Amino acid sequence: MNIKIRKYSEKDLPQMIEIWNEVVEDGVAFPQENTLDFISGKAFFSSQSYCGVAVNDENKVCGLYILHPNNIGRCAHICNASYAVPSELRGKHIGEKLVKDCMLQGKNIGFKILQFNAVVESNTAARRLYEKIGFIRLGTIPKGFRSKSGAYLNICPYYIELRAK
């Protein structure tokens, strides 16, 4: 499958919302509890510093990421991101392409560090990917994530410095 990463456009929104909502409804990775409709999705994605989409040769959205500041003021040089790939396309290295593009876009925007506040410890595929790319795990926050089932799961913060290649 030939995948390219590009900036999202409004025509991508229906597919982006569908992919985002799948992860939210799964309730095991994203902190959000409410799904998006077209109006809230348009507002949500347009409010980000950058949104990238992975598209195939038919221009079908196969994954996405959002990039935004992690904090304000003296910590505004640190960004945060979230990634979503439809369940039927996971394991095809789309996430890796999204993360690498996100790092590049973050650097281009002027961020110095990319930080993940709450990677669920049981999300071993994501954790393995981040560590392969060079992210540093900062530890474990016990019971930092409430899953859809109501179980409290450990989370692992990660970071990487965004440097010129």
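Only heavy atoms go into these numbers, but all of them, side chains included; no hydrogens, no water, no symmetry mates. The structure displayed is predicted, hence computed values, not measured ones.
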*Any luck finding a side-chain donor-acceptor pair between N117 and Q115 under 3.5 Å?*
yes

*Are any non-hydrogen side-chain atoms of P142 and Y152 less than 4.5 angstrom apart?*
no

*Pair F135-V99, side-chain contact (heavy atoms from CB on, under 4.5 Å): steps then yes or no*: CA-CA 11 Å; F135 281 80; V99 174; 3.9 Å; yes

*Derivation and outcome, side-chain contact (heavy atoms from CB on, under 4.5 Å), residues E131 and R127*: CA-CA 6 Å; E131 291 169 12; R127 292 181 45 232; 4.2 Å; yes

*Give the cluster check for Y50 versus L64: same hydrophobic cluster or not, with ILVMFWY residues linked at side-chain heavy-atom distances below 4.5 Å.*
no

*Verify same cluster id: L162, I78 (apolar side-chain graph, 4.5 Å)*: no

*Side-chain (Q48) to main-chain (I66) donor-acceptor, under 3.5 angstrom*: no

*Passes side-chain contact (heavy atoms from CB on, under 4.5 Å), V23 versus Y83? Steps please.*
CA-CA 9 Å; V23 178; Y83 308 91; over 6 Å; no

_Would the distance check show the side chain of N80 and the main-chain N or O of H68 forming a donor-acceptor pair, the cut-off being under 3.5 Å?_
no

*Calculate, to the nearest 0.5 Å, the distance between atoms CE and NZ belonging to M16 and K11 respectively.*
11.0 Å

_E10 with K42: basic N within carboxylate O range, under 4.0 Å_ = yes

*With under 30° as parallel and over 60° as perpendicular, where do the rings of W20 and F45 fit, or are they tilted in between?*
perpendicular

*Got a sec, which pairs hit salt bridge (charged side-chain N to carboxylate O under 4.0 Å, His left out) with one end in residues 108-118, sequence neighbours left out?*
none

*Using the rule that two of Ile, Leu, Val, Met, Phe, Trp, Tyr join whenever any of their side-chain heavy atoms come within less than 4.5 Å, decide whether V119 and I160 are in one cluster.*
yes

_Any donor-acceptor pair under 3.5 Å linking the side-chain atoms of Y65 with those of D101?_
yes

_Are more than 12 heavy atoms, taken from residues, nucleotides or ligands other than R6, located less than 6.0 Å from that residue's CZ atom?_
yes

*Hey, are R137 and Y130 close enough side-chain-wise for a donor-acceptor pair under 3.5 Å?*
no

*More than 12 heavy atoms of other residues, nucleotides or ligands under 6.0 Å from NE2 of H93: is that the case?*
no

*For atom CG of N34, decide whether the heavy atoms of other residues, nucleotides or ligands shown that lie under 6.0 angstrom number more than 12.*
no

*Do you reckon F30 sits in the same ILVMFWY cluster as I17, going by side-chain contacts under 4.5 Å, direct or chained?*
yes

*Mind checking whether I133 and M103 have side chains closer than 4.5 Å, heavy atoms only?*
yes

_Taking the basic N atoms (NZ, or NE/NH1/NH2) and the acidic carboxylate oxygens, is any pair closer than 4.0 Å for K60 and E58?_
no

*Just wondering, do N56 and I3 contact through their side chains at under 4.5 Å, heavy atoms?*
yes

_Donor-acceptor side-chain pairing of T35 and E25 below 3.5 angstrom_ = no

*How about N70 and C79: do any of their side-chain heavy atoms sit closer than 4.5 Å?*
no

*asked:* For V28, is there any backbone N or O sitting under 3.5 Å from a side-chain donor or acceptor partner on D26?
replied: no

*Side-chain heavy atoms under 4.5 angstrom apart, residues restricted to Ile, Leu, Val, Met, Phe, Trp, Tyr: same cluster for L153 and I155?*
yes

